Amino acid sequence: MDNDFPLNEEEIDGYVKIDRYNPEKVARIAAHYADILELLGEDPTRQGLLKTPERVAKALQYLTHGYDLNAADILRGAMFEEEYSQMVVVKDIEVYSLCEHHMLPFFGKAHVAYIPNGHIVGLSKIPRVVDIFARRLQVQERMTNEIRDCIQETLNPIGVAVVIECKHLCMCMRGVQKQNSVTTTSAFTGEFAHERTRNEFLRLITASLS
Ligand SMILES: Nc1nc2c(ncn2[C@@H]2O[C@H](COP(=O)(O)OP(=O)(O)OP(=O)(O)O)[C@@H](O)[C@H]2O)c(=O)[nH]1
Ligand SMILES: [Zn+2]
């Protein structure tokens, strides 16, 4: 996938405000990156680096485009009255975020469940909500709570469960340099406070289809 910030609204269903890809902002961020390249001992005028500051500026805007999106609005856009009252689980949602301490990626999977209370939500909206909170500077714990709170407050279900498992590059490529550690965070509301419900969710997210 091309990682440049989408130039047209179609690519992400019109949810991103076009002013996020502001040429003035790109130019300003790029100017800083030209300085940074120099400070790192590079020659920003060599051929391979000529467009790098601009590419980085666009990539950073893409990686933080969640700031421009309203997750509650996106959920509200696809809520349907339905009497279904069993747990709905969307698991293995890819997560790509940036840790707010080092601005290095952390990535992995999110598993989200809710128990409807008269309304269900369009399934694709759950990964969209995950993305909106992931595509900004984050800590994994806050992201987990924000996803839970957004679904609870907007959809008002009987309960919400969120489990996120991520690898943090700031712990792999530098610092403590642990290549295999995975961080798991979780957040629950309502019915998921009960061990039985929580265990059913945990069983479903660890079960394999094959
Ligand atoms: N709780 C939490 N910590 C995170 C997350 N992402 C990165 N960190 C941690 O943020 C901490 C920042 O600690 P500092 O001591 O200020 O920074 P540092 O000197 O670069 O730390 P080291 O990574 O241990 O070298 C580190 O322990 C990181 O592992 C996250 O999502 N949640
Ligand atoms: Zn970090």
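Both ligands and their constituent atoms are indexed starting at 1 by order of listing. Here the structure is a predicted model, which means the values were calculated and not measured. Side chains are part of it too, since the values below use all heavy atoms of this structure and drop only hydrogens, waters and symmetry mates.
- Set against the non-hydrogen atoms of Cys170, the atoms of ligand 1 under 4.0 Å away are 7 (C).
- At the top of the distance list for atom 32 (N) of ligand 1, counting protein heavy atoms only, stands Glu141 OE1, 2.7 Å.
- Summarising the local packing, CD of Gln179 is surrounded by more than 12 heavy atoms from other residues, nucleotides or ligands at distances under 6.0 Å.
- The aromatic rings of Phe106 and His168 sit parallel to each other, their planes meeting at less than 30°, with 60° as the upper class boundary.
- Assignment of Gln138 to the shell around ligand 1 is not supported, since no heavy atom sits closer than 4.0 Å.
- Under the 4.0 Å distance rule, the nearest protein heavy atom to atom 14 (P) of ligand 1 falls outside the cut-off.
- Within the 4.0 angstrom cut-off, atom 20 (O) of ligand 1 has one or more protein heavy-atom neighbours.
- Here the closest non-hydrogen pair linking Ile115 and Met87 is CG1-CA, 4.1 Å.
- Atom 8 (N) of ligand 1 has His101 ND1, 3.3 Å as its closest protein atom, hydrogens excluded (heavy atom only).
- Ile164 places none of its side-chain heavy atoms less than 4.5 Å from the side chain of Val130.
- The shortest heavy-atom contact between Pro157 and Asn117 is CA-CB, 3.8 Å.
- Atom 24 (O) of ligand 1 lies below 4.0 Å from none of the non-hydrogen atoms of the protein.
- In summary, the atoms of ligand 1 found under 4.0 Å from a heavy atom of Gly175, numbered by their order in the structure, are 25 (O).
- Remark: Arg196 does not engage Glu200 in a salt bridge, criterion side-chain N to carboxylate O under 4.0 Å.
- In this model, no donor atom of one side chain and acceptor atom of the other lie less than 3.5 Å apart for Gln138 and Ser97.
- The closest protein non-hydrogen atom to atom 6 (N) of ligand 1 is His168 ND1, 3.3 Å.
- Side-chain N or O atoms of Glu38 include none that pairs as donor or acceptor with a backbone N or O of Asp43 at under 3.5 Å.
- For His102, the heavy-atom gap to ligand 1 drops under 4.0 angstrom.
- In this model, a donor atom of one side chain and an acceptor atom of the other lie less than 3.5 Å apart for Gln152 and Thr189.
- The nearest protein atom to atom 29 (O) of ligand 1, hydrogens excluded, is given as Met171 CG, 3.9 Å; this is a heavy-atom distance.
- Looking at every heavy atom in both residues, Asn70 comes nearest to Ile132 through C-CD1, 4.3 Å.
- Checked by atom type and distance alone, the side chain of His119 never pairs as donor or acceptor with a backbone atom of Phe80 at under 3.5 Å.
- Only protein atoms were considered; those of element N, O or S under 2.8 Å from the Zn ion (ligand 2) number 3.
- Atom 27 (O) of ligand 1 lies below 4.0 Å from none of the non-hydrogen atoms of the protein.
- The pair Asp73-Arg76 meets the salt-bridge criterion, with a side-chain N (NZ, NE, NH1 or NH2) lying under 4.0 Å from an Asp/Glu carboxylate O.
- When Arg142, Gln140, Glu100, Arg174 are checked for heavy-atom proximity to atom 30 (C) of ligand 1, Gln140 turns out nearest.
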